[in-house]
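For reference, the structure discussed in these notes is given below.
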Amino acid sequence: MKRLQFDYFMNIDYSEPVSSGHFTLKCFPAEDSRQRVLSCETHITPQTAFSEGRDSFGNAMIYGAVKHPHSTFSVRVTGEVELLQTQYETLLTENEIFLYRHGGVLLRPDAGMQADYSSVSGLLPDNVPERAGFLMHRLYEDFHYEKGCTDANTDARTAFARRKGVCQDYSHIFIVLCRLAGIPARYVTGLLVGEGESHAWVEILHNDKWIGLDVTNNIPVTDSHIKFGHGRDAADCRINTGIVYGSAGQTQKVLAVTRLSEQ
């Protein structure tokens with residue numbers, strides 16, 4: 001059992017004041033049988049009222065508006081979680097499982113991805129975790145981590161054609177490959193100890209258990225991963241979405257700090 005203290009900070013600076021803005025934020029630790037939230041505090045600048053809720057996937061979120069001119073917007077979420085186990089069970093309906101077999105606007109495979117999968121399909125183990133592990137290791141060996149060559153809207157087939165990208169791209173491609181192999185899979189956002197930004201990984205479904213795999217690092221999810229939320233792809237669990245009114249450009253900075261506290 002391990003406790004992790006976390007500090008997630010996101011700041012957006014506008015090149016000139018915007019008249020107002022609406023926001024939806026999903027940067028809050030999940031509560032499930034793998035992870036228990038011991039404390040969580042949220043601070044938004046400029047100060048404004050906000051509402052709490054859940055999206056259609058059960059992820060915690062807050063939403064609200066800044067209704068006056070402002071030149072910066074920031075959110076800081078701090079607290080502590082306790083990691084209980086590395087795998088956890090979730091009861092799902094058949095409709096939900098269908099979403100993780102087929103859904104996701106950023107996950108449509110093209111002929112190139114299907115051909116690549118077909119070239120190794122005969123080598124895949126029958127055991128689901130071993131099959132997923134084979135696909136993860138192969139992707140890790142064939143793909144190159146590089147910032148700036150993709151963005152938040154890059155889909156799996158575009159990243160696959162480039163053979164490079166970041167954790168979002170690794171996760172999208174891996175989900176597509178898992179689904180081609182008959183394994184339901186979903187996209188996960190959160191934090192990883194030692195990383196300075198948010199992180200993404202994948203959960204595969206096997207025997208009613210969601211098993212976390214961090215394909216970017218070619219490892220199973222450990223008790224150094226703090227989960228925020230999940231969905232079909234990155235579009236379902238964006239940490240920050242919103243609308244601002246004005247013509248200003250913007251720059252965004254994210255800082256994620258986690259501290260270990262062994263129990």
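- Note on Ile219 and Tyr140: separate hydrophobic clusters, where clusters join Ile, Leu, Val, Met, Phe, Trp and Tyr whose side-chain heavy atoms are under 4.5 Å apart, directly or indirectly.
- No donor-acceptor pair closer than 3.5 Å links the side chain of Arg36 to the backbone N or O of Leu83.
- Proximity of Thr42 to Val75: side-chain heavy atoms (C-beta onward) are separated by under 4.5 Å at one or more points.
- When the shell of 6.0 Å around CD of Glu16 is examined, it contains more than 12 heavy atoms from other residues, nucleotides or ligands.
- Ile226 has its side chain within reach of Thr258: a pair of non-hydrogen atoms, C-beta onward, lies under 4.5 Å apart.
- Of the charged side-chain nitrogens involved, none lies within less than 4.0 Å of a carboxylate oxygen, so that Asp233 and Arg238 do not count as a salt-bridged pair.
- Of all heavy-atom pairs spanning Ala30 and Val37, the tightest one is O-CG2, 3.5 Å.
- Nearest heavy-atom pair across Ser198 and Ile239 is CB-CD1, 3.5 Å.
- Partner of Phe6 under the side-chain contact (heavy atoms from CB on, under 4.5 Å) criterion, out of Val193, Val257, Val77: Val77 alone.
- Between His225 and Trp201, the two ring planes are perpendicular [angle over 60°; tilted spans 30° to 60°].
- Annotation: side chain of His68 is in contact with side chain of Val66 (closest heavy-atom distance under 4.5 Å).
- Looking at Lys2, Arg34, Gln35 one by one, the single match for side-chain hydrogen bond (donor to acceptor under 3.5 Å, both in side chains) with Asp223 turns out to be Lys2.
- Arg157 CZ to Leu106 CG: the interatomic distance, rounded to the nearest 0.5 Å, is 10.0 Å.
- At least one donor-acceptor pair closer than 3.5 Å links the side chain of Asp169 to the backbone N or O of Val166.
- Evaluation of the ring-ring contact (aromatic ring centres under 6.0 Å, His included) test over residues 143-173, restricted to residues two or more places apart or in two chains, returns Phe143-Tyr170, His172-Tyr187.
- Taking the six-membered ring for Trp and thresholds of 30 and 60 degrees, Phe23 and Phe73 have ring planes inclined between 30 and 60 degrees apart.
- For the pair Ile173 and Met113, the minimum side-chain heavy-atom distance is below 4.5 Å.
- Residues Leu4 and Arg259 form no side-chain contact, since every pair of their non-hydrogen atoms from C-beta on lies 4.5 Å or further apart.
- For the pair Arg3 and Val81, the minimum side-chain heavy-atom distance is 4.5 Å or more.
- Within the 3.5 Å criterion, the main-chain N or O of Cys167 finds a donor-acceptor partner in the side chain of Ser171.
- Under the 4.5 Å side-chain contact rule for hydrophobic residues, Tyr63 and Phe28 do not share a cluster.
- Between Leu205 and Ile183, the shortest heavy-atom contact is O-CG2, 4.1 Å.
- Across every non-hydrogen atom of Asn59 and Cys237, the tightest pair is ND2-CB, 4.3 Å.
- No side-chain donor-acceptor contact under 3.5 Å links Asp236 and His230.
- A distance of 13.0 Å separates CD1 of Ile175 from CG of Leu135, quoted to the nearest 0.5 Å.
- Partner His199 forms a side-chain hydrogen bond (donor to acceptor under 3.5 Å, both in side chains) with one of Asp214, Thr216, Thr189 and no other, that one being Asp214.
- Phe50 and Met61 are assigned to two separate hydrophobic clusters, defined by single-linkage of ILVMFWY side chains at heavy-atom distances under 4.5 Å.
- Atoms OG and CD, on Ser39 and Glu80 in that order, are 5.5 Å from each other to the nearest 0.5 Å.
- Judged by distance alone, with hydrogens and angles left aside, the side-chain atoms of Gln168 form a donor-acceptor pair with the main-chain N or O of Ala152 at under 3.5 Å.
- Gln47 CD: 12 or fewer foreign heavy atoms inside a 6.0 Å radius.
- Annotation: side chain of Glu197 is not in contact with side chain of Lys253 (no heavy-atom distance under 4.5 Å).
- The minimum heavy-atom distance between His70 and Gly21, with the atom names listed, is CE1-N, 3.9 Å.
- Counting heavy atoms from C-beta outward, Asn240 and Thr24 have side chains that stay 4.5 Å or more apart.
- Checked for salt-bridge contact, Asp155 and Arg108 miss the test: no charged N lies under 4.0 Å from a carboxylate O.
- A donor and an acceptor atom, one from each side chain of Thr78 and Asp7, are nowhere located under 3.5 Å apart.
- Shown here is Leu255, whose CG atom has more than 12 heavy atoms of other residues, nucleotides or ligands within 6.0 Å.
- With hydrogens and angles disregarded, a donor-acceptor distance shorter than 3.5 Å links the side chain of Glu96 to the backbone of Thr93.
- For the residue pair Asn11 and Thr72, a side-chain donor N or O sits within less than 3.5 Å of a side-chain acceptor on the partner.
- Transitive grouping of hydrophobic side chains (ILVMFWY, heavy atoms separated by less than 4.5 Å) keeps Phe228 and Leu192 in distinct clusters.
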Pair Asp13-Gln250, side-chain contact (heavy atoms from CB on, under 4.5 Å): steps then yes or no:
CA-CA 6 Å; Asp13 288 320; Gln250 67 179 52; over 6 Å; no

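- Sparse packing is recorded around CG of Asp208, with 12 or fewer heavy atoms of other residues, nucleotides or ligands lying under 6.0 Å away.
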Show the numbers, then the answer: is there a salt bridge (Lys or Arg N to Asp or Glu O under 4.0 Å) between Asp126 and Arg131?
CA-CA 7 Å; Asp126 292 332; Arg131 194 185 320 163; 5.6 Å; no

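- We find the CD-NZ distance between Glu203 and Lys227 to be 3.5 Å, quoted to the nearest 0.5 Å.
- For the pair Ser19 (side chain) and Pro69 (backbone), a donor-acceptor distance under 3.5 Å is absent.
- Classification of the Tyr100-Phe57 ring pair by plane angle, with boundaries at 30° and 60°, yields tilted.
- Around atom CD of Gln252, more than 12 heavy atoms belonging to other residues, nucleotides or ligands sit under 6.0 Å away.
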Carefully, step by step, assess Ile204 and Leu213 under the rule side-chain contact (heavy atoms from CB on, under 4.5 Å).
CA-CA 8 Å; Ile204 62 165; Leu213 296 173; 4.1 Å; yes

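- With Asn207 contributing its side chain and Lys209 its backbone, the two residues share no donor-acceptor pair below 3.5 Å.
- Remark: side-chain polar atoms of Ser15 are paired, donor with acceptor, to backbone N or O of Gly249 under 3.5 angstrom.
- The line from CG of Leu191 to OG of Ser224 is 11.5 Å long, rounded to the nearest 0.5 Å.
- Hydrophobic clustering of Ile, Leu, Val, Met, Phe, Trp and Tyr side chains at less than 4.5 Å, counting indirect connections, unites Phe134 with Phe174.
- In this structure, Arg186 and Gly231 approach most closely via the heavy-atom pair CB-O, 3.4 Å.
- Residue Glu31 holds its CD atom at 10.5 Å from SG of Cys40, rounded to the nearest 0.5 Å.
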